Amino acid sequence: MKNTYILLLVSAAFFAADSLYSADKYFGDTSAVFTSNTAWFSDEARTERTTPPTSGEDTAIFYKTKGEASYAPTAWITQIDTYVGNIVSAGNSLINLGKENLNQSVPVNFQVYGKLSAQICDEAGTMSFGTSFENDEGSAAVELVFGEIEVGAQVYGGRTYDSYKTASLYFNYLDSRISSSLVTVNGDVKIGGCAAEGVNSAAIMNIGADKMKVSGIMKFERNGWGYSNVIMHKASVLELGGLAATNTNGDFTIANGTGGSFASEIVFKNAAGTDCQYIGSIVDDGNNRADMSAINAVMNVTMDGEGTQRIFQAVQSKTDILGRMGGTYAAKSGRLFMDNSRIAADYRLAALSLEGGRFGAGHYDSSQAGAAYFKSANFQSGGLAYENFANHNAVETQASDKIIITETFSKAAGSGKISVDFSDKDGNALNLENYAIADEVSGIENWVEILTAGSLDGFDLESKLGGNIYDANGDFYAVGIENGVAVFRWAESPESGYALQVGFAQVPEPAAAAAVLGAIALGLAARGRRR
């Protein structure tokens with residue numbers, strides 16, 4: 001069994017952009033073993049037989065193989081290791097594991113050195129990878145490796161058709177005899193983006209594998225007015241090097257299949273320096289589910305890379321989107337930003353978990369204030385990020401990105417202080433020298449509300465500064481500011497809970513600064529209660 005790194009070596013040795021389709025081989029219209037000498041033809045009309053496409057320069061083409069039949073023919077994988085240069089599909093096609101692969105000591109290994117491209121034609125079609133185990137007993141593991149993947153990104157052969165239909169790709173390993181299934185993409189994945197005139201085709205990727213790992217970026221684009229979606233059909237992990245969609249009128253959704261009752265997860269592994277914006281929906285079960293009680297699946301999101309991922313929950317320009325967010329958004333490393341203000345209020349049920357990374361609210365248009373709504377939040381480590389204070393002139397206008405927690409914001413015992421980072425997206429500190437701020441901390445009049453919570457658990461509310469105001473400097477500290485200091489406080493309201501506010505003052509002499517902060521924390525504190 002060859003290791004995945006061989007793919008990179010072979011790709012470098014064999015491929016240039018102009019030679020990807022240098023040896024085209026067409027699968028026939030009857031089922032056959034993938035490596036059979038009787039399955040492949042050198043011409044699209046399927047009149048001249050040829051050898052199977054098992055070299056690094058070959059392209060396996062599945063073009064309208066179904067014909068007038070009820071089902072598309074199947075290319076059976078019957079051996080442990082199978083290699084091909086590229087795969088192009090238009091219309092329906094099947095590549096299935098044969099029963100010969102049951103009860104093997106190693107996973108079935110199917111590698112495409114270059115690109116898998118599910119293309120558009122006038123026949124609605126799905127390129128499917130699945131199983132043909134019949135009634136045989138046993139189990140099998142499978143590992144698929146691709147250089148890159150495209151779904152619905154181009155019309156087959158650059159042709160013109162009278163109509164253009166949906167293009168889909170399905171990794172269908174739902175068979176209970178599949179013990180594990182892994183799909184690896186060493187480059188990018190592109191969903192949609194066909195620029196041909198008159199094409200409004202939907203582009204859909206269906207994931208029925210345990211895990212899909214994309215080292216590059218998953219990019220969504222629109223085909224005319226068509227939608228581009230990724231649908232999970234089992235409890236899957238979708239690991240991405242980044243997620244991108246920048247069309248502000250796009251129709252892009254990542255969700256579990258309708259009627260599912262499992263939990264899937266998107267894990268962002270964005271590398272340091274990678275900053276991706278996704279304008280689209282990430283929801284539990286579709287983006288238009290009027291009966292929320294019928295939703296049983298959950299979509300979790302984890303930021304676990306050193307880079308930045310931005311999510312703006314949107315479906316075109318719609319508001320009150322009926323797409324439930326019921327999973328957990330975990331920030332383990334890097335920076336994760338989100339705005340879900342267009343999701344219907346009753347559907348904003350996600351939990352925020354701070355586990356070492358930074359989270360912030362953020363609109364795709366940085367001149368507008370973002371809002372991130374959660375049902376609950378928990379802090380273990382890491383912090384919050386507010387990178388648009390300069391864009392919004394928040395110090396003077398009090399307009400800011402805001403995190404809204406409708407129920408409880410909890411802080412784990414022994415977790416330490418929460419850092420609040422005010423540096424901008426380029427890492428530049430917020431320079432308070434550019435703003436009219438108080439000379440001293442005690443003179444702060446402008447307070448900016450940056451977070452609200454219905455209730456608090458584990459926070460220090462013993463230092464009451466008077467009225468409904470509590471000192472919060474024992475739980476929060478600022479980073480990413482210069483030429484000034486930031487001071488935090490809680491403002492309590494019987495109607496809306498607690499609001500975390502930040503104020504700024506000029507930097508006094510060190511001794512004076514210590515005296516002022518000490519006065520706030522101790523001298524002005526009235527003994528209250530810890531909540």
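Excluded from the calculations below are hydrogen atoms, water molecules and symmetry mates; all remaining heavy atoms, backbone and side chain alike, are included. It should be emphasised that the depicted structure is a prediction, and the values quoted were computed from it without experimental measurement.
- Using a distance-only test at 3.5 Å, with no hydrogens or angles considered, no donor-acceptor pair links the side chain of Asn340 to the main chain of Ile343.
- With values rounded to the nearest 0.5 angstrom, Leu384 atom CG is found 9.0 Å from Phe359 atom CZ.
- Between Ile231 and Ile207 the shortest side-chain heavy-atom distance does not fall below 4.5 Å.
- Note that CZ of Phe129 is 6.5 Å distant from CG of Leu144, once rounded to the nearest 0.5 Å.
- Distance check, rounded to the nearest 0.5 Å: CD1 of Ile191 to CD1 of Ile149 gives 8.0 Å.
- Lys219 has a carboxylate O that lies under 4.0 Å from a charged side-chain N of Asp188, or vice versa, which qualifies the two as a salt bridge.
- Residues Ile282 and Tyr329 meet the side-chain proximity criterion, which asks for heavy atoms closer than 4.5 Å.
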Item to check | Evaluation steps, side chain to side chain contact (heavy atoms under 4.5 Å, CB included), between Thr131 and Ile178 | outcome: CA-CA 9 Å; Thr131 59; Ile178 292 292; 3.8 Å; yes
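- Panel note: side chain Glu123, backbone Asn92; a donor-acceptor pair is recorded below 3.5 Å.
- Other residues, nucleotides and ligands place more than 12 heavy atoms under 6.0 Å from the NZ atom of Lys25.
- For the pair Tyr173 and Leu97, the minimum side-chain heavy-atom distance is below 4.5 Å.
- In this structure, Ile217 and Thr274 have side chains that are in contact, with non-hydrogen atoms separated by less than 4.5 Å.
- The shortest distance between side-chain heavy atoms of Phe268 and Ile311 falls below 4.5 Å.
- Considering only heavy atoms from C-beta on, Lys64 comes within 4.5 Å of Asp122 through its side chain.
- A side-chain donor-acceptor contact under 3.5 Å links Ser181 to the backbone of Asp210.
- In this structure, Met218 CE and Ile266 CD1 are separated by 8.5 Å, a value rounded to the nearest 0.5 Å.
- When atom types are taken as modelled, the side chain of Asn101 and the backbone of Ile77 share a donor-acceptor pair closer than 3.5 angstrom.
- A salt bridge links Glu134 to Lys99: one of the charged nitrogens lies within less than 4.0 Å of a carboxylate oxygen.
- Minimum interatomic distance between Ala23 and Asp58 (heavy atoms only, all atoms of both residues): CB-OD1, 3.1 Å.
- The two residues Thr74 and Ser132 come nearest to each other via the heavy atoms CG2-OG, 4.1 Å.
- Ion pairing between Arg324 and Asp285 fails under the 4.0 Å rule for side-chain N and carboxylate O.
- The OG1 atom of Thr258 sits 11.5 Å away from atom CG of Asn296, with the distance rounded to the nearest 0.5 Å.
- In this structure a side-chain-to-backbone donor-acceptor pair under 3.5 Å is present from His392 to Ser366.
- Nearest heavy-atom pair across Gly226 and Asp251 is O-CB, 4.5 Å.
- Within the 3.5 Å criterion, the main-chain N or O of Ile404 finds no donor-acceptor partner in the side chain of Thr452.
- For the pair Arg177 and Phe133, the cation-pi test (distance below 6.0 Å, angle within 45°) is failed.
- Under the 4.0 Å criterion applied to side-chain N and carboxylate O atoms, Asp304 and Lys332 are not assigned as salt-bridge partners.
- Crowding of Lys234 atom NZ: a count of heavy atoms from other residues, nucleotides or ligands under 6.0 Å exceeding 12.
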Checklist entry - Passes side chain to side chain contact (heavy atoms under 4.5 Å, CB included), Met205 versus Met232? Steps please. => result CA-CA 9 Å; Met205 175 181 286; Met232 311 289 203; over 6 Å; no
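- Residues Thr302 and Glu265 have side chains in contact (heavy-atom distance under 4.5 Å, counting atoms from C-beta outward).
- Checking Trp76, Phe110, Phe27 one by one against Phe34, the ring pair (Phe, Tyr, Trp, His ring centres under 6.0 Å) holds for a single residue, Phe110.
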Next on the checklist: Please evaluate residues Phe146 and Asn86 with respect to the criterion side chain to side chain contact (heavy atoms under 4.5 Å, CB included), reporting the C-alpha separation (whole Å), side-chain torsions for both, the decisive distance (0.1 Å), and the verdict.
Outcome noted: CA-CA 9 Å; Phe146 303 92; Asn86 306 275; over 6 Å; no
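- More than 12 heavy atoms of other residues, nucleotides or ligands shown are found within 6.0 angstrom of CZ on Phe374.
- Taking every heavy atom of both residues into account, Thr308 and Asn270 meet most closely at O-ND2, 3.0 Å.
- Using a 4.0 Å cut-off between charged side-chain N and carboxylate O, Arg342 and Asp320 make no salt bridge.
- Aromatic rings of Phe171 and His233 (six-membered ring for Trp) have centroids beyond the 6.0 Å cut-off, not under it.
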Item to check | Worked verdict on Asn256 versus Ser264 for side-chain hydrogen bond (donor to acceptor under 3.5 Å, both in side chains) | outcome: CA-CA 7 Å; Asn256 294 303; Ser264 295; 2.7 Å; yes
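- Proximity of a side-chain donor or acceptor of Thr50 to a complementary backbone N or O of Trp40 within less than 3.5 Å is not detected.
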Checklist entry - Please walk me through it: do Ser353 and Glu355 pass side-chain hydrogen bond (donor to acceptor under 3.5 Å, both in side chains)? => result CA-CA 6 Å; Ser353 181; Glu355 304 174 21; 2.5 Å; yes
Item to check | From CA spacing to verdict: side chain to side chain contact (heavy atoms under 4.5 Å, CB included), Gln380, Asn378 | outcome: CA-CA 7 Å; Gln380 298 176 43; Asn378 176 258; 3.4 Å; yes
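- Partner Tyr278 forms a ring pair (Phe, Tyr, Trp, His ring centres under 6.0 Å) with one of Phe252, Phe220, Phe337, Phe312 and no other, that one being Phe220.
- Between the CG atom of Asn206 and the OG atom of Ser168 there is a distance of 6.0 Å, given to the nearest 0.5 Å.
- We find that Arg335 and Glu306 are not joined by a salt bridge, their nearest charged nitrogen and carboxylate oxygen being 4.0 Å or further apart.
- Annotation for Asn300 and Gly327: closest pair OD1-CA, 3.2 Å, computed over non-hydrogen atoms.
- Looking at Asn247 and Glu221, their side chains never come closer than 4.5 Å, going by heavy atoms from C-beta outward.
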Checklist entry - Could you go step by step and tell me if Asn109 and Gln111 meet the side-chain hydrogen bond (donor to acceptor under 3.5 Å, both in side chains) rule? => result CA-CA 6 Å; Asn109 170 49; Gln111 294 197 17; 3.2 Å; yes
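- Nearest heavy atoms, Ser215 versus Asn186: CB-O, 3.7 Å.
- Judged by distance alone, the side chains of Thr253 and Asn287 do bring a donor and an acceptor atom under 3.5 Å apart.
- For Arg159 and Glu44, the salt-bridge test passes: some basic side-chain N is under 4.0 Å from an acidic carboxylate O.
- With hydrogens and angles disregarded, no donor-acceptor distance shorter than 3.5 Å links the side chain of Asn223 to the backbone of Gly192.
- In this structure, the side chain of Asn288 does not engage the main chain of Leu322 through any donor-acceptor pair within 3.5 Å.
- Asn172 places no side-chain N or O within donor-acceptor distance of the main-chain N or O of Gly130, the cut-off being under 3.5 Å.
- The aromatic rings of Tyr113 and Tyr83 lie parallel to each other, their planes meeting at an angle below 30°, with 60° marking the opposite boundary.
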